[in-house]
Student: 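Okay, here's the structure, questions in a sec.
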Amino acid sequence: MALIVILPFANVFVQAFSKGIGPFLAVLAEPEFRQAVKMTLLLSAVAVPINTVFGVLAALFLSRNRFRGKELLISFMDLPFAISPVVTGMMFVLLYGRSGLFAPLISRFGFNIVFAFPGMALATMFVTMPFVVRELMPVLEEMDIQEEEAATSLGASGWQTFWKVTLPNIRWGLLYGIILTNARAMGEFGAVSVISGNIIGQTQTLTLFVESSYKEYNSEAAFAAAVLLSILAVVTLFLKDRLERAAAKEKNEGK
C-alpha cells in the first residue's frame, strides 16, 4: 500500500516544492497553466450537470420499467468502462473529423468539433456517463415504490413526487455519483488527449499540461499541476467518506 499509493502521492508534493514555493507560485501564474485550469473547469461544468440529469432520467427509466432488451441497454451504459479512453477519442475523431462521417454537416455550420472544446466536451461526457446511473439504479430498485404511488394518488404531479419523495431517498447515491463524475471529468486523459490535439494554451487540460510539461523537462510545471490533481483526489476521497458515513447514519436511525 505504501509503495503503490502513499509514497508516489507524497513524492508529488516533495517534487513540486523541492525548490521552494517560489517556482510553484510562478507556474500558477503562467498563462498556459491558467488556460489548462480553465479548460478543465469548463469541461467539468459541462459534463457534470448534463450527466447528472441524464443519469437520473436513465436510472428512473431503467429501474421503473421492464421491457425486452433492458439488460442490453444497461450493458450499453457500461461501454465507457469497457472501451479504452484512447479508442473513445479516436471514435469521435472518425465521426467528427475533417474526413469523418459528419464532416459535411459540420462544415456547413462552420464550426469545429475535433481539436476544439466541443469535441473535448463530448469525449468527457461519454467517459463520465455511467457513474450517476450506476449509483442510482441499486438505490431506486431497493426503494419502496408505494411512497411514490401514494403521492401520486394524493394529487401530486410527477415533478412534485420526484422532488418530495424520490429525491430525498436517492440523494446520497446521487451526490456520490456526482462526485465521481466530477473527479473523472477533471482527471480524464486518454479520450481528451486524442480529440483535443493537445494544443498548448488552447485545448490543454491539467492532465495534458502535466504530460507535455514533463516531456519538455519542465518538471516544476508538471508537478505543480499534479499537486492540484492530487488535491482533487484527496477532496474526492474525503467527500466520499463523509457521504458514506452520513448515509450509514441515516440508515441506522431509520431502523
Side-chain angles (χ1 to χ4, degrees), residues 35-59 61-62 67-137 177-212 214-215 225 229 232 236:
Q35 176 63 21
V37 173
K38 177 183 176 181
M39 190 63 66
T40 302
L41 294 176
L42 284 174
L43 288 174
S44 180
V46 170
V48 173
I50 290 176
N51 274 332
T52 297
V53 175
F54 170 79
V56 171
L57 294 176
F61 175 76
L62 291 171
F67 54 90
R68 183 177 298 177
K70 177 180 176 179
E71 295 301 323
L72 181 61
L73 184 57
I74 293 175
S75 298
F76 274 118
M77 291 286 182
D78 290 334
L79 274 179
F81 291 147
I83 300 176
S84 167
V86 174
V87 175
T88 297
M90 183 58 65
M91 288 190 320
F92 281 107
V93 170
L94 294 175
L95 287 174
Y96 302 107
R98 290 184 178 179
S99 58
L101 182 63
F102 299 114
L105 181 63
I106 295 170
S107 61
R108 182 179 303 174
F109 289 97
F111 67 92
N112 295 324
I113 292 182
V114 175
F115 306 146
F117 180 79
M120 298 170 66
L122 285 173
T124 304
M125 285 188 288
F126 181 82
V127 299
T128 58
M129 180 181 66
F131 290 102
V132 173
V133 180
R134 274 304 183 183
E135 290 301 323
L136 289 184
M137 282 191 62
I178 291 173
I179 289 172
L180 293 178
T181 301
N182 183 69
R184 179 62 191 275
M186 289 191 172
E188 173 55 28
F189 176 81
V192 171
S193 177
V194 174
I195 200 167
S196 70
N198 198 4
I199 304 172
I200 298 175
Q202 295 184 38
T203 62
Q204 273 194 340
T205 60
L206 275 175
T207 52
L208 301 181
F209 182 86
V210 170
E211 183 208 28
S212 63
Y214 195 77
K215 285 183 176 179
L229 292 171
L232 169 65
T236 300

Student: Between Gly177 and Phe131, what is the shortest heavy-atom contact and its length?
Tutor: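 For Gly177 versus Phe131, the nearest heavy atoms are O-CB, 4.0 Å.
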Student: May I ask you to check whether over 12 heavy atoms, not counting those of Phe189, lie within 6.0 Å of atom CZ?
Tutor: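 Yes, because the 6.0 Å sphere around CZ of Phe189 holds more than 12 heavy atoms from other groups.
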Student: Under 3.5 Å, which donor-acceptor pairs do the side chains of residues 80-95 form with other protein atoms, sequence neighbours left out?
Tutor:
unit_1, atom_1, unit_2, atom_2, d
Ser84, OG, Val86, N, 3.3
Thr88, OG1, Ser84, O, 3.3

Student: Rounded to the nearest 0.5 Å, what separation is found between the CG atom of Leu72 and the CZ atom of Phe67?
Tutor: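 Output value for this atom pair is 9.5 Å.
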Student: Hey, are the side chains of Phe117 and Leu42 touching, using non-hydrogen atoms and a 4.5 Å cut-off?
Tutor: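 Yes, at least one pair of side-chain atoms sits under 4.5 Å.
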Student: Run the side-chain contact (heavy atoms from CB on, under 4.5 Å) check on Met129 and Thr181 step by step: do they pass?
Tutor: CA-CA 8 Å; Met129 180 181 66; Thr181 301; over 6 Å; no
Student: What are the two closest non-hydrogen atoms of Val133 and Gly55, and how far apart are they?
Tutor: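 Smallest heavy-atom distance, with atoms named: CG2-CA, 3.4 Å.
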Student: Okay, side chain of Glu188, backbone of Gly190: is any donor-acceptor separation there less than 3.5 Å?
Tutor: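 Yes; judged by distance alone, with no hydrogens or angles, the pair exists.
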Student: How long is the gap from CD on Glu135 to CG on Leu180, to the nearest 0.5 Å?
Tutor: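 Rounded to the nearest 0.5 Å, the CD-CG separation comes out at 5.5 Å.
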Student: Any salt bridge (charged side-chain N to carboxylate O under 4.0 Å, His left out) involving residues 101-127? Give me the pairs, sequence neighbours left out, ordered by first then second residue.
Tutor: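 For residues 101-127: none.
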Student: Hey, does Ile199 have a side-chain heavy atom less than 4.5 Å from the side chain of Gln35?
Tutor: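 In short, these two side chains do not touch, never coming nearer than 4.5 Å.
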Student: How long is the straight-line distance from CG of Leu136 back to CG of Leu57, given to the nearest 0.5 Å?
Tutor: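 Here the interatomic distance stands at 10.5 Å.
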Student: List the residues meeting side chain to side chain donor-acceptor pair (under 3.5 Å) with Asn112, not counting sequence neighbours, and say none if there are none.
Tutor: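 Result, side chain to side chain donor-acceptor pair (under 3.5 Å) vs Asn112: none returned.
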Student: Nearest 0.5 Å, please: how far is CG in Leu206 from NZ in Lys38?
Tutor: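 Going from the NZ atom of Lys38 to the CG atom of Leu206 covers 14.0 Å.
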Student: Strictly distance-based, threshold 3.5 Å: is any side-chain N or O of Ser44 a donor or acceptor partner for the main-chain N or O of Thr40?
Tutor: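 Judged by distance alone, no pair lies under 3.5 Å.
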Student: If a pair satisfies side chain to side chain donor-acceptor pair (under 3.5 Å) and one of its residues is in residues 201-210, list it, with sequence neighbours excluded.
Tutor: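 Listed by first then second residue: Asn198-Gln204, Gln204-Ser212, Thr205-Thr207.
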Student: Can you tell me how far the CG atom of Asn182 sits from the CG atom of Leu43, to the nearest 0.5 Å?
Tutor: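 CG of Leu43 is found 11.0 Å from CG of Asn182.
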Student: Looking only at heavy atoms, what is the nearest atom pair of Ile74 and Arg134, with distance?
Tutor: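 Shortest heavy-atom contact: CG2-NH2, 3.2 Å.
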Student: Taking side chain to side chain donor-acceptor pair (under 3.5 Å) as the cut-off, I'd like each qualifying pair that reaches into residues 95-106, sequence neighbours left out, listed once.
Tutor: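 Matches after skipping sequence neighbours: none remain.
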Student: How long is the straight-line distance from CG of Leu208 back to CD1 of Ile200, given to the nearest 0.5 Å?
Tutor: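 So the gap between those two atoms works out to 10.5 Å.
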Student: Can I get a per-line list of side-chain donor-acceptor pairs under 3.5 Å for residues 120-128, giving both atom names and the distance, sequence neighbours left out?
Tutor:
unit_1, atom_1, unit_2, atom_2, d
Thr124, OG1, Met120, O, 2.8
Thr128, OG1, Asn51, ND2, 2.6
Thr128, OG1, Thr124, O, 2.7
Thr128, OG1, Met125, O, 3.4

